[in-house]
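Let me begin by presenting the structure, written as structure tokens, before commenting on it.
Just so you know, residue 1 is the first one in the sequence shown, and it goes up from there.
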Amino acid sequence: MVSTPDEHQTYGGPATHDVTNQAPPLTPYDASDDTALLEGLRREGAGWAEEDLRRLGRQAGSAQAQEWADLANRHEPELRTHDRYGNRVDEVEFHPGWHHLMRTAIAEGLAASPWADDRPGAHVARTAGGLVWGHTEAGHGCPTSMTYAAVPALRRQPELAKLYEPLLTSREYDPVLREPTQKRGLLAGMGMTEKQGGSDVRANTTTATPTAEPGLYTLRGHKWFTSAPMCDVFLVLAQAPGGLSCFLVPRVLPDGTRNTFRIQRLKDKLGNRSNASSEPEFDGTVAWLVGPEGQGVKTIIEMVNCTRLDCVMMSAALMRKTLVEAGHHARHRSAFGARLVDQPLMRNVLADLALESEAATTLTLRLAGAADRAIRGDEGEAAFRRIATAVGKYWVTKRGPAFTAEALECLGGNGYVEDSGMPRHYREAPLLSIWEGSGNVNALDVLRALSREGGTAEALFGELALARGADARLDAAVARLRTGLSQASQTTARRLVEQTALTLQASLLVRHAPPAVADAFCATRLGGDWGHSFGTLPAAAGLAAIVERALPGGCRDAGTG
């Protein structure tokens with residue numbers, strides 16, 4: 001006898017459970033709904049960009065943009081070395097979601113367009129845009145960052161800058177591979193790292209041989225980590241007769257033929273999986289010298305300042321994104337008779353994360369302001385930028401992995417599944433500490449700046465002096481920092497840079513943040529009234545006020561206490 005469904009059952013059979021006590025989708029939301037971000041934008045001279053930033057924030061938090069991000073990471077780039085006939089093509093294919101993200105980022109000025117914008121604050125506006133658009137996904141921030149950073153290096157060779165800069169600063173995304181000057185816009189990549197040297201680029205073995213044409217060389221070697229191989233031009237370090245030098249390598253030569261740029265493989269990375277990173281081989285590869293022979297490191301130093309700032313920015317964006325996700329979940333999820341956000345211990349965790357996020361965002365925008373003013377000729381800001389960017393790169397990117405892990409834990413098991421997006425953010429976080437010099441490299445760079453570059457220490461303490469007398473714990477930290485700097489050594493470098501970063505962040509919050517935020521930060525990060533993990537703020541901290549300030553409108557209503 002064949003059994004038949006009960007007449008009261010639905011087509012799929014009886015319901016075994018109802019879905020309750022789950023947070024609704026966060027999207028759509030406004031990624032620019034961030035008080036600290038908007039205050040910093042205005043303070044650093046880019047208030048004129050606020051309307052565009054808010055529009056971009058709504059787009060970043062839209063269901064469509066979030067879907068692009070998800071698809072670009074689920075469908076990773078694929079290397080195609082040959083066409084069907086056996087011809088070498090060395091092309092990387094991307095999901096349409098990647099192209100949508102790239103097109104938007106470039107159109108919104110998140111690549112190199114600020115170099116063509118004379119308005120004060122243009123570079124601040126770009127950084128703020130990155131903090132907002134970073135709520136989508138981080139992988140496509142790599143080619144936009146390198147394109148931004150390539151411009152000042154290329155200016156060391158004016159005839160090349162005249163040819164390529166207008167296309168690098170374009171707001172048009174043109175992904176088709178063809179002769180660069182025939183395109184509507186260009187992307188730039190970089191090839192510095194080699195397997196035997198890593199961050200020690202002076203150990204590079206790629207060789208550059210001069211040709212009969214002045215400034216034209218041929219390269220031979222193998223790069224270990226070259227991101228965004230689909231870019232149009234690359235800045236590459238190689239050993240010329242006069243020493244380590246910088247070169248411009250186009251994928252397509254002026255006559256329309258392919259330059260030798262053999263992609264051996266794409267890297268199978270922990271995170272940043274939407275972005276292609278590769279190992280290219282050069283063999284008679286045509287390249288143009290950028291800057292004098294033997295001054296490759298000096299030529300790219302401004303580029304390093306730019307990309308390090310972007311690492312800080314992307315870490316801060318990742319913190320903010322995961323905090324918003326955690327706050328949204330806590331507002332809608334209940335346990336033990338109350339919403340999570342109303343549970344004192346969860347509120348402590350969220351408030352502690354909020355302090356860290358605001359400190360990171362505030363420092364990022366201060367660094368962007370320094371960069372903008374340094375680019376426009378302010379020598380004092382240039383000295384501050386030199387040391388503070390290295391300090392921020394070390395500390396903010398170091399905090400990212402622990403932060404994203406704690407934010408993920410706020411969602412519990414819900415945050416551990418791929419559909420939540422939190423695992424992708426967690427995998428992304430370590431990259432930003434590794435890219436453009438790991439923690440040790442940046443710590444040593446801070447020591448180098450202090451000992452060899454006049455004015456950096458004075459610029460740092462001049463900045464800290466702006467908050468003198470406002471908080472006794474901050475004044476004591478500044479005094480300790482002076483002593484620490486006088487006794488600096490490689491062994492103590494990490495501790496010194498950590499102390500510098502916390503003191504600098506505290507000084508900015510004391511000057512610009514509400515008392516509840518500044519007091520809690522100074523009490524914990526400087527005063528020692530803190531545990532060894534997030535969620536250990538003192539009982540006297542104004543938890544509700546801190547959480548209320550941090551969460552966007554849709555995630556607020558933080559309860560009391």
Side-chain angles (χ1 to χ4, degrees), residues 27-28 31 52 55-81 83 89-113 126 129-130 132-150 164 167-190 226-234 250-252 258 261 263 266-267 269 271-278 280 310 314 317 321 421 424-425 428 431:
T27 54
D52 285 339
R55 176 181 49 76
L56 182 61
R58 291 189 292 273
Q59 185 174 359
S62 69
Q64 182 182 61
Q66 294 297 313
E67 182 181 23
W68 291 342
D70 179 64
L71 291 172
N73 281 272
R74 288 184 184 272
H75 303 277
E76 298 176 17
E78 296 182 0
L79 172 62
R80 189 163 67 94
T81 57
D83 66 15
V89 292
D90 296 290
E91 293 186 354
V92 182
E93 297 177 347
F94 292 83
H95 187 274
W98 166 273
H99 295 296
H100 289 310
L101 292 167
M102 286 292 299
R103 186 171 291 107
T104 302
I106 291 172
E108 295 293 337
L110 305 186
S113 63
R126 175 191 174 270
V132 166
W133 190 243
H135 281 237
T136 56
E137 71 92 42
H140 75 291
C142 180
T144 57
S145 178
M146 292 188 298
T147 301
Y148 172 67
Y164 292 111
L167 294 167
L168 290 169
T169 58
S170 167
R171 291 194 179 214
E172 292 196 57
Y173 176 56
D174 185 353
V176 178
L177 185 62
R178 58 175 175 265
E179 199 278 311
T181 62
Q182 301 303 309
K183 298 186 64 172
R184 303 187 306 276
L186 299 179
L187 294 174
M190 298 172 189
T226 297
S227 280
M230 70 289 178
C231 289
D232 302 286
V233 295
F234 293 81
R251 286 290 309 276
V252 180
R258 296 284 184 96
F261 192 97
I263 304 174
L266 298 184
K267 296 292 192 180
K269 299 173 292 183
N272 203 249
R273 299 185 72 90
S274 67
N275 174 48
S277 300
S278 68
D310 278 2
M314 286 188 274
K321 167 64 172 175
R424 168 159 57 89
H425 303 321
E428 192 71 36
L431 167 67

Inset, instruction - For the pair Thr144 (side chain) and Gly141 (backbone), establish whether a donor and an acceptor sit closer than 3.5 Å, ignoring hydrogens and angles. - result: yes
Inset, instruction - Hey, could you give me each pair passing salt bridge (Lys or Arg N to Asp or Glu O under 4.0 Å) that has a residue in residues 99-113? Not counting sequence neighbours. - result: Arg55-Glu108
Inset, instruction - Report yes if some heavy atom in the side chain of Met146 is under 4.5 Å from a heavy atom in the side chain of Ser227; otherwise report no. - result: yes
Inset, instruction - Without swapping roles, check the side chain of Lys183 against the backbone of Arg178 for a donor-acceptor pair under 3.5 Å. - result: no
Legend entry - Aromatic ring pairing Tyr173/His99, orientation class (parallel under 30°, perpendicular over 60°, tilted between): tilted
Inset, instruction - Please determine, by modelled atom types, if Thr226 and Ser278 share a side-chain donor-acceptor pair under 3.5 angstrom. - result: no
Inset, instruction - Taking the side chain as every heavy atom from C-beta outward, state whether Leu56 and Trp133 have any pair of such atoms under 4.5 Å apart. - result: yes
Legend entry - Donor-acceptor contact below 3.5 Å, side chain Ser170 vs main chain Arg184: yes
Inset, instruction - Find out whether Thr136 and Gln59 are in side-chain contact, i.e. whether some heavy atom of one side chain is under 4.5 Å from a heavy atom of the other. - result: no
Inset, instruction - Show your reasoning for whether side-chain contact (heavy atoms from CB on, under 4.5 Å) applies to His140 and Trp68. - result: CA-CA 11 Å; His140 75 291; Trp68 291 342; over 6 Å; no
Legend entry - Residues which pass salt bridge (charged side-chain N to carboxylate O under 4.0 Å, His left out) with Asp90, listed by chain and number, not counting sequence neighbours: Arg88
Legend entry - Leu431 vs Met314 side-chain heavy atoms within contact, under 4.5 Å: no
Legend entry - Min side-chain heavy-atom separation Leu266-Pro229 under 4.5 Å: yes
Inset, instruction - Kindly say whether Asn272 contributes a backbone atom to a donor-acceptor pair with the side chain of Glu428 at under 3.5 angstrom? - result: yes
Legend entry - Any side-chain heavy-atom pair of Pro143 and Met230 under 4.5 Å: yes
Legend entry - Salt-bridge criterion met for Arg251 and Glu91 (N-O under 4.0 Å): no
Legend entry - Check: Leu110 main-chain N/O paired with Arg126 side-chain donor or acceptor under 3.5 Å: yes
Legend entry - No-hydrogen, no-angle side-chain donor-acceptor test under 3.5 Å, Thr27 and Gln66: no
Inset, instruction - Hey, could you give me the CG/CG distance between Asn73 and Asn275, rounded to the nearest 0.5 Å? - result: 10.0 Å
